[in-house]
Chemist: 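Take this structure, written in structure tokens, and hold onto it; I'll ask about it next.
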Amino acid sequence: MRLILAPAALGVPPTPSGPRPVGEDGGVTNHLTDVEVALAAAEAGARIVRAAYGTGLTGHAKSGLDFATNADLDAERAILEFIRVARPGDACVGEESGTGGGPGSRRWLVDPLCGTLNFAAQTPLVAVNVALVEGPDVLVGVSADPISGETFWTDGHGAFVRLDGADVGVSPSARSLLVDVNCDGPAGRPFLGPQLLADPAFRTMFGPRVLSTTLAVAWVAAGRRAAYVTDGSLVDNVHFAAGIGLSRAAGCVVSDPAGEELNAGSGLVVAADRGVHDRLIEIIRPHLMAVRD
């Protein structure tokens with residue numbers, strides 16, 4: 001069965017200070033702040049993903065086992081349409097459609113459905129990610145869970161979760177000792193995720209989890225996970241930018257797997273506190289040579 005979804009009507013979500021004005025024709029105006037644009041765009045995508053969950057889907061092959069569904073494509077189209085109307089001078093980078101938009105230094109990074117395989121298999125662990133970046137800085141980040149209805153967001157200063165129109169501040173906690181490890185890596189070479197899961201010291205101290213969605217990064221910021229670990233290229237990555245911005249605003253410790261500043265191709269460790277971070281780096285360090293040779 002083929003699923004064709006038209007972009008949902010694009011509304012403006014409520015904010016703590018009430019809704020912002022829209023044009024008389026219902027279109028977005030430049031009265032919206034950047035975070036309001038990101039929230040509204042992410043919700044436009046989340047509505048499409050939510051409506052498609054559990055229905056028949058059409059797959060679109062990409063490479064290897066990777067694929068997109070009509071929900072990915074329709075959600076990205078709705079998100080980008082909203083952003084391009086609200087911020088016509090900004091550039092946009094979509095996971096499915098690539099780069100477009102204005103020539104400005106500000107770029108919107110859009111991942112319309114992170115966890116496509118989960119989604120297609122009716123496993124309710126997915127995220128809709130929208131981030132605004134300028135240079136190395138994440139100015140705004142939104143990671144929406146379209147199935148639960150929760151939206152994790154940051155304006156670059158605070159970190160919040162929105163549910164049913166109400167915003168609540170979030171903060172990290174290592175209490176659970178649960179650590180999500182990304183195992184969606186290349187098959188042709190060693191990858192940090194499987195190496196870490198096989199490490200006795202890691203399994204003794206932490207509870208490993210594998211979710212295969214960057215929703216797990218938002219959960220670290222919200223105190224539901226002690227840490228998140230992945231290999232791979234993370235700078236300006238449409239999957240991770242929103243979660244990185246959210247985690248930094250929440251007060252998490254963010255680094256590459258060597259404990260250094262993030263740089264292209266080096267991987268990511270997000271930890272609830274310095275103690276968890278430093279212990280993870282100790283455990284990871286012996287594996288780095290194997291995965292990077």
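Heavy-atom basis, side chains included; hydrogens, waters and symmetry copies ignored.
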Chemist: Could you pull out the closest heavy-atom pair between Cys183 and Pro194, with the gap in Å?
Modeler: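 The answer is SG-N, 4.1 Å.
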
Chemist: Roughly how far, to the nearest 0.5 Å, is the CG atom of Asp90 from the CD1 atom of Ile83?
Modeler: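 If we round to the nearest 0.5 Å, Ile83:CD1 and Asp90:CG are 9.0 Å apart.
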
Chemist: Once rounded to the nearest 0.5 Å, what's the spacing between atom CH2 of Trp108 and atom CG of Leu139?
Modeler: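 Rounded to the nearest 0.5 Å, the CH2-CG separation comes to 8.5 Å.
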
Chemist: For residues 217-226, please give each side-chain donor-acceptor pair under 3.5 Å, one per line with the distance, not counting sequence neighbours.
Modeler:
residue: Arg224; atom: NH1; partner: Glu150; partner atom: OE1; Å: 3.0
residue: Arg224; atom: NH2; partner: Glu150; partner atom: OE2; Å: 2.8
residue: Arg225; atom: NE; partner: Asp180; partner atom: OD2; Å: 2.7

Chemist: Quick check for you: to the nearest 0.5 Å, what is the distance between Met205 atom CE and Asp199 atom CG?
Modeler: 12.5 Å

Chemist: What's the verdict on side chain to side chain contact (heavy atoms under 4.5 Å, CB included) for Leu109 and Asn237, showing C-alpha distance, side-chain angles and the deciding distance?
Modeler: CA-CA 7 Å; Leu109 307 182; Asn237 184 295; over 6 Å; no

Chemist: Is there a side chain to side chain contact (heavy atoms under 4.5 Å, CB included) between Phe206 and Val181? Walk through the geometry before answering.
Modeler: CA-CA 11 Å; Phe206 299 108; Val181 180; over 6 Å; no

Chemist: List the steps, then state whether side chain to side chain contact (heavy atoms under 4.5 Å, CB included) holds for Leu197 with Val210.
Modeler: CA-CA 10 Å; Leu197 292 177; Val210 179; 3.9 Å; yes

Chemist: State the CD-CG distance between Gln195 and Leu192, to the nearest 0.5 angstrom.
Modeler: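 Separation between the atoms: 7.5 Å.
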
Chemist: Could you state whether Val35 and Leu132 fall into the same hydrophobic cluster, counting links through intermediate Ile, Leu, Val, Met, Phe, Trp or Tyr residues with side-chain heavy atoms under 4.5 angstrom apart?
Modeler: yes

Chemist: Only counting residues at least two apart or in another chain, list the ones meeting salt bridge (Lys or Arg N to Asp or Glu O under 4.0 Å) with Glu134.
Modeler: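 By the salt bridge (Lys or Arg N to Asp or Glu O under 4.0 Å) rule, Glu134 matches no residue at all.
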
Chemist: Give the minimum heavy-atom separation between Val170 and Ala250, together with the two atoms involved.
Modeler: O-CB, 4.5 Å

Chemist: Is it the case that Thr214 and Asp111 place a side-chain donor and acceptor less than 3.5 Å from each other?
Modeler: no

Chemist: Determine, step by step, whether Val238 and Asn129 satisfy the side chain to side chain contact (heavy atoms under 4.5 Å, CB included) criterion, reporting the C-alpha distance in whole Å, the side-chain angles of both residues, the deciding distance to 0.1 Å, and the verdict.
Modeler: CA-CA 7 Å; Val238 295; Asn129 295 311; over 6 Å; no

Chemist: Going through the distances and angles, do Glu43 and Arg47 end up as a salt bridge (charged side-chain N to carboxylate O under 4.0 Å, His left out)?
Modeler: CA-CA 6 Å; Glu43 177 52 29; Arg47 281 197 296 270; 3.7 Å; yes

Chemist: Could you tabulate the donor-acceptor pairs under 3.5 Å formed by side-chain atoms of residues 117-124, not counting sequence neighbours?
Modeler:
residue: Asn118; atom: ND2; partner: Leu125; partner atom: O; Å: 2.9
residue: Asn118; atom: ND2; partner: Leu211; partner atom: O; Å: 2.9

Chemist: Indicate the atoms forming the closest heavy-atom contact of Ala42 with Val128, along with that distance.
Modeler: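 Closest pair (atom of Ala42, atom of Val128, distance): O-CG1, 3.8 Å.
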
Chemist: Could you pull out all residues at least two apart from Thr213 that satisfy side chain to side chain donor-acceptor pair (under 3.5 Å)?
Modeler: none

Chemist: Give me the atom names and distance for the closest heavy-atom approach of Asp256 to Ile281.
Modeler: O-CD1, 3.8 Å

Chemist: Going by salt bridge (Lys or Arg N to Asp or Glu O under 4.0 Å), name the residues that satisfy it together with Asp145, two or more places apart in sequence or in a different chain.
Modeler: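 Once residues adjacent in sequence are excluded, Asp145 has no partner under the salt bridge (Lys or Arg N to Asp or Glu O under 4.0 Å) criterion.
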
Chemist: Going by the rule side chain to side chain donor-acceptor pair (under 3.5 Å), which residues pair with Asp34 if we only count those two or more places apart in sequence or in a different chain?
Modeler: Arg87, Arg106

Chemist: Mind listing the closest non-hydrogen atom pair of Asp155 and Gly158 along with its distance?
Modeler: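 Nearest pair, atom of Asp155 first, then Gly158: OD1-N, 3.0 Å.
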
Chemist: Surrounding CZ of Arg175 (heavy atoms of other residues, nucleotides or ligands, distance under 6.0 Å), is the total greater than 12?
Modeler: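 Atom CZ in Arg175 is not crowded, with 12 or fewer foreign heavy atoms closer than 6.0 Å.
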
Chemist: So which heavy atom on Val138 is nearest to which on Ala131, and how close?
Modeler: CG1-CB, 4.4 Å

